[in-house]
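In what follows, a single structure is set out as structure tokens and then discussed.
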Amino acid sequence: MALSPQSVPENPFEFRAPPPSPVASARRSCVTNDEVLSEFLQHSLRVPDLILPDKVFPRQKFIDNPPKIDFQALNSMQTETLPKILDSIATIGCFQLVNYGIPVESIRSALTAAAGIFQLPPQKRTAVTRSPEKLYGFEEVHEEDEGEVSEEFVWCKAKALELAMEGIWPVGYSNFSEKMETLVAQMEKVAVKILIVFRGIYQEKTGRCEKENMEGEDGNGWACYVYKHGGNVSAEKWRSCLRYDVMKMLIGGMDYSHTLCLHICDGSSEFHVYSKKGWVSFCPHKHALVVTVGDQTQALSGGQLKHVMGRPIYRGEKEEFMSMAFLYSPSTTNSRLVDPQKPNTISLSQQAIAAILFTLLYQILVYVYYKF
């Protein structure tokens, strides 16, 4: 017997298929959302275009020659002289000094004797090569430094330097040392007078009175940087060495803290002045001393006078030249200028030993505390 459709019982567990999803409309919504998201990311996460300079090397800026100051006028404290000096130092960090009373023959004699130092062979120079503990002697030469257009030697009155130089250059060192001592004594008098003027100005302004040796007596600190500048240097090699020299001066500077630096640079084609703000150059006057300010004078002036480093340049010369920088400091506390082997800082090895001792002492104290 056939059952009619009305008589078929309804299945209570029957599941019906869900209605079809709106595929077309969903795809369009997804595309729209992607476009909105892409546009948002494009605007919010946009990386700025970085344009790097073609040359990261500092540019050389040529300036008008600094004022020439007559030392005799400075000695008489003429009122119109001081503003010129202070303005020149505040602007570029140096000034030129003429008529300073040092015979030209005395300078030439000392530099001629100094030229013999650079005739020493490399194997002998090793005994007096500079290091962090020994700030006198020859500059350490690395492979990348070979072929530089200039060489450097730091001379001071350290007993260890005297003994080492007499061992490797017994014939010429006594003559060199004698002539350098004569020149240094004369330059020291010039530096003392300039510094007395600075001290008088800035101690009066600040109301400070520092009792330091100002008359060039024993205990003053000084050091001489002696340079030999090579001749017949190709333009390409000269530019390469100049770049290295500039970066070395800007990054490393000088090892000695000082108040003033007097530069003997007769015959130089240019004089370069390096500071944290840039690099300037000018053509120094013949026979003039270029005077630059050190870190101690910058501190004395409260930052008004600018600490810079200077270096004479002999470009395109066929013969060799000698120059010298005299770093002066009257502070008796600056023992590294009197004896560069006396460190005024704690080395890493000393710090490590101190840390180990403190750790052991702490462990002993803890053990005693809990034991007793």
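Heavy-atom basis, side chains included; hydrogens, waters and symmetry copies ignored.
- In summary, the side chains of Asp266 and His287 do present a donor paired with an acceptor at a separation below 3.5 Å, with no hydrogens or angles considered.
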Practice item. Carefully, step by step, assess His258 and Tyr328 under the rule ring pair (Phe, Tyr, Trp, His ring centres under 6.0 Å). Key: CA-CA 6 Å; His258 61 285; Tyr328 176 74; over 10 Å; no
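- To the nearest 0.5 Å, the span separating OG1 on Thr112 from CD1 on Ile107 amounts to 11.5 Å.
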Exercise for review: Determine, stepwise, if the pair Arg311 / Ser150 fulfils side-chain hydrogen bond (donor to acceptor under 3.5 Å, both in side chains).
Suggested key: CA-CA 11 Å; Arg311 189 77 175 267; Ser150 64; 3.1 Å; yes
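- Minimum heavy-atom separation, Gln96 to His285: OE1-N, 2.7 Å.
- In this structure, Ser88 contributes its side chain and Lys84 its backbone to no donor-acceptor pair below 3.5 Å.
- When Thr292, Leu327, Leu289 are each tested for a side chain to side chain contact (heavy atoms under 4.5 Å, CB included) with Leu262, only one passes: Leu289.
- Counting heavy atoms from C-beta outward, Met180 and Met324 have side chains that approach closer than 4.5 Å.
- In this structure, Glu139 does not pair ionically with Arg125, as no charged nitrogen and carboxylate oxygen lie closer than 4.0 Å.
- Under the 4.5 Å side-chain heavy-atom criterion for ILVMFWY residues, no single connected hydrophobic cluster contains both Trp169 and Leu163.
- Taking SG of Cys283 as the start and CZ of Phe271 as the end, the distance is 12.5 Å to the nearest 0.5 Å.
- Ile89 has its side chain out of reach of Val308: every pair of non-hydrogen atoms, C-beta onward, lies at least 4.5 Å apart.
- Side chain of Thr126 to main chain of Pro122: a donor-acceptor pair is present (N/O by atom type, distance under 3.5 Å, no hydrogens or angles).
- Residue Pro312 comes nearest to His229 through the heavy atom pair O-CE1, 3.6 Å, listed as atom of the first residue, atom of the second, then distance.
- Residues Val98 and Leu86 do not share a hydrophobic cluster, defined by chaining ILVMFWY side chains whose heavy atoms lie under 4.5 Å apart.
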Practice item. I would like to know whether Phe176 and Trp155 meet ring pair (Phe, Tyr, Trp, His ring centres under 6.0 Å); could you show each step before the answer? Key: CA-CA 10 Å; Phe176 159 76; Trp155 179 74; 5.7 Å; yes
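- Proximity of Ile117 to Val226: side-chain heavy atoms (C-beta onward) are nowhere separated by under 4.5 Å.
- Side chain of Ser268 to main chain of Cys265: a donor-acceptor pair is present (N/O by atom type, distance under 3.5 Å, no hydrogens or angles).
- Side-chain atoms of Gln186 and Pro103, non-hydrogen and from C-beta on, do get closer than 4.5 Å to each other.
- Considering only heavy atoms from C-beta on, Tyr136 stays 4.5 Å or farther from Cys224 through its side chain.
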Review point. Where do Tyr314 and Met322 land on the side-chain contact (heavy atoms from CB on, under 4.5 Å) test, with the steps shown first?
Key: CA-CA 10 Å; Tyr314 296 81; Met322 299 292 299; over 6 Å; no
**Study point:** side-chain contact (heavy atoms from CB on, under 4.5 Å) assessment of Tyr274 paired with Val280
**Key:** CA-CA 7 Å; Tyr274 311 111; Val280 299; over 6 Å; no
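- Using a 4.0 Å cut-off between charged nitrogen and carboxylate oxygen, Lys228 and Glu152 do not count as a salt-bridge pair.
- When atom types are taken as modelled, the side chain of Ser329 and the backbone of Gly221 share no donor-acceptor pair closer than 3.5 angstrom.
- Distance alone, capped at 3.5 Å, is enough to place a donor-acceptor pair between the Gln298 side chain and the His307 backbone.
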Exercise for review: Could you walk me through whether Ile85 and Ile194 pass the side-chain contact (heavy atoms from CB on, under 4.5 Å) test, one step at a time?
Suggested key: CA-CA 10 Å; Ile85 297 177; Ile194 298 173; over 6 Å; no
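- If you take CE on Met187 and CG on Leu183, they are separated by 5.5 Å, rounding to the nearest 0.5 Å.
- Hydrophobic cluster membership of Leu360, counting Ile, Leu, Val, Met, Phe, Trp and Tyr whose side-chain heavy atoms lie under 4.5 Å apart directly or via other members: Ile356.
- Using a 4.5 Å heavy-atom threshold, the side chains of Phe118 and Phe153 count as touching.
- Here the side chains of Leu161 and Val128 are in contact, with some heavy-atom distance below 4.5 Å.
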**Study point:** Worked check of side-chain contact (heavy atoms from CB on, under 4.5 Å) between Glu188 and Phe326
**Key:** CA-CA 9 Å; Glu188 191 172 15; Phe326 173 70; 4.2 Å; yes
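- In this structure, Lys306 and Val293 approach most closely via the heavy-atom pair O-CB, 3.5 Å.
- Judged by distance alone, the side chain of Asn99 and the main-chain N or O of Asp70 form no donor-acceptor pair under 3.5 Å.
- Defined by atom type and a distance below 3.5 Å, a donor-acceptor pair is missing between the side-chain atoms of His263 and Ser323.
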Practice item. Could you give me the CA-CA distance, side-chain angles and deciding distance for Ser174 and Glu166, then say whether side-chain hydrogen bond (donor to acceptor under 3.5 Å, both in side chains) is met? Key: CA-CA 8 Å; Ser174 58; Glu166 288 179 349; over 6 Å; no
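- His272 has its side chain within reach of Ile313: a pair of non-hydrogen atoms, C-beta onward, lies under 4.5 Å apart.
- For Phe95, the ring pair (Phe, Tyr, Trp, His ring centres under 6.0 Å) criterion is met by no residue, not counting sequence neighbours.
- Across all non-hydrogen atoms, the minimal contact from Ala127 to Lys134 is O-NZ, 3.2 Å.
- Residues Val190 and Tyr100 share a closest heavy-atom pair of CG2-O, 3.8 Å.
- Smallest separation of non-hydrogen atoms from Thr297 and Thr259: OG1-O, 2.7 Å.
- Looking only at atom types and distance, the side chain of Glu162 has no donor-acceptor partner in the side chain of Ser177 under 3.5 Å away.
- Heavy-atom neighbours of Glu178 CD from other residues, nucleotides or ligands within 6.0 Å: at or below the threshold of 12.
- At distances below 3.5 Å, not a single donor-acceptor pair connects side-chain atoms of Ser109 with backbone N or O atoms of Glu105.
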